[in-house]
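Remember, it's a predicted structure, so these values are computed and weren't measured experimentally. All ligand and atom numbering here is 1-based and tracks the order in the structure.
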Amino acid sequence: MKHILLVATGGTIASEQSENGLVPGISARHLLESVPEIGELCHVDAVQAMNLDSTDMTPERWLHIAARIREAYAQYDGFVITHGTDTMAYTAAALSYLIQNADKPVVLTGAQRSIFAQDTDARRNMMDAFAYACEDDSSGVTIVFDGKAILGTRARKLRTRSRNAFESIDYPPLAQVRDGKVLRFIRMECHGPVQFSDCMEDKVAMVKLVPGMDARILADLRRYCRGLVVEGFGVGGVPDYGDGAFRQAFSRWAQEQKPVVMTTQVPYEGSDMALYEVGRRAQTGESFLEAYTMTSEATVVKLMWILGQTRALPEIRRMFYTPIAHDLLWMA
Ligand code: ASP
């Protein structure tokens with residue numbers, strides 16, 4: 001039997017009703033006791049890394065989760081992390097950068113309803129996550145939710161209430177889990193030994209452009225941030241309003257050697273800033289990067305990870321455009 005470590009972090013799956021609404025309070029041990037069938041699949045140990053609504057997730061907490069996995073990595077065959085759904089896609093991306101070339105599965109799951117709710121999806125998601133973690137062919141960071149296994153760098157939460165909360169963006173699901181059986185479509189290759197990082201820069205902002213937005217907002221952010229991600233319109237456009245204010249704002253980030261990454265607010269099919277004049281005119285040299293086929297979640301988290309390792313622009317550029325766990329599929 002495989003030996004799996006459950007790392008519990010909170011979320012709706014572990015929530016109880018309080019007079020102020022749902023709050024995480026159910027322990028890792030209690031979660032496991034609620035799904036006794038897991039004991040027939042594998043040996044499980046459990047640690048409570050934290051117990052919070054994932055609204056309160058932070059880069060420091062990602063480092064803490066990664067450290068718990070690092071210290072237990074040699075002892076276990078795989079890891080299941082229970083987590084709130086709201087920021088699960090960010091955490092999945094973060095762990096994909098913090099734990100690279102993992103030859104063992106690191107599986108995130110959660111639920112849209114508490115494990116104590118009558119119509120809960122928690123039991124099924126936990127069973128599926130453990131079934132996936134026990135499979136010989138499973139490796140790397142993956143979300144298992146509503147019967148789908150989604151690569152950690154490709155996930156996005158697209159529904160606030162339905163069971164099928166997550167989609168795999170521009171990448172097929174790795175597998176389906178049906179009645180406890182894993183039907184695999186894609187097997188991830190591991191190149192080299194597992195590599196852990198222990199640093200992330202949290203001073204990274206993401207701004208979604210809206211029509212008429214004032215470019216001075218970016219100047220304010222520059223005072224607090226080391227890097228910026230801008231979600232532009234469509235395939236790639238930045239406003240001009242006839243005064244070039246956005247381009248100038250980007251130039252100031254460049255003068256301070258701070259990277260600006262353009263991405264798109266459209267979930268599917270990525271960006272191509274070279275297609276339109278409104279995209280090309282915004283580009284300001286070495287500090288200006290483009291997310292292309294990366295999700296917004298992966299983009300912002302990758303920048304946090306890179307800035308945790310280096311402040312040198314050529315190295316930031318090289319690392320950003322080096323694909324990791326299929327985050328960058330192609331560059332237009
Ligand atoms: N607010 C909850 C969380 O992200 C939502 C959930 O888990 O579904 O922790």
Side-chain angles (χ1 to χ4, degrees), residues 6-32 34-35 38 46-66 68-69 79-96 98 106-130 132-133 141-150 152-169 173 177 200 202 206 267 295-298 300-301 304:
L6 169 66
V7 181
T9 71
T12 294
I13 190 168
S15 285
E16 300 166 306
Q17 198 58 252
S18 78
E19 57 188 28
N20 296 317
L22 283 168
V23 280
I26 301 167
S27 68
R29 184 55 43 215
H30 216 140
L31 279 178
L32 274 180
S34 309
V35 197
I38 291 171
V47 291
Q48 188 78 52
M50 54 199 78
N51 209 354
L52 45 84
D53 191 296
S54 78
T55 303
D56 288 327
M57 190 48 67
T58 60
E60 205 183 322
R61 290 178 167 141
W62 290 330
L63 293 175
H64 180 69
I65 297 170
R68 301 307 288 260
I69 292 172
F79 303 86
V80 171
I81 302 168
T82 48
H83 193 289
T85 61
D86 290 344
T87 59
M88 193 188 293
Y90 290 93
T91 299
L95 295 178
S96 304
L98 292 172
V106 177
V107 182
L108 289 122
T109 197
Q112 295 281 57
R113 308 266 187 285
S114 163
I115 196 141
F116 287 156
Q118 245 182 359
D119 58 344
T120 186
D121 49 341
R123 267 181 254 283
R124 188 228 169 153
N125 286 345
M126 278 192 61
M127 270 302 284
D128 288 354
F130 275 92
Y132 190 85
V141 180
T142 311
I143 290 180
V144 171
F145 207 95
D146 193 44
K148 249 189 304 192
I150 299 172
T153 55
R154 309 272 5 144
R156 177 170 281 191
K157 184 173 180 182
L158 284 181
R159 294 177 193 86
T160 56
R161 293 163 198 270
S162 304
R163 282 157 193 261
N164 58 342
F166 291 93
E167 292 294 337
S168 185
I169 304 294
V177 191
M200 278 200 131
D202 58 1
M206 180 151 72
T295 64
S296 291
E297 289 84 344
V300 73
V301 171
M304 289 174 168

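Two rings, from F145 and H83, have their centers 6.0 Å or more apart.
With I81 as reference, L95 is the one residue of L95, V141, V107 to meet the side-chain contact (heavy atoms from CB on, under 4.5 Å) rule.
A donor atom on one side chain and an acceptor atom on the other are not found under 3.5 Å apart for S18 and N20.
Residues Q112 and R161 share a closest heavy-atom pair of NE2-C, 3.3 Å.
Contact shell of ligand 1 (protein heavy atoms, cutoff 4.0 Å): G11, T12, D53, S54, G84, T85, D86, A111, Q112.
A salt bridge is defined here as a Lys NZ or Arg NE, NH1 or NH2 lying under 4.0 Å from an Asp or Glu carboxylate O, and D146 with R124 meets this definition. In summary, E167 and R159 engage in a salt bridge, as defined by a charged side-chain N under 4.0 Å from a carboxylate O.
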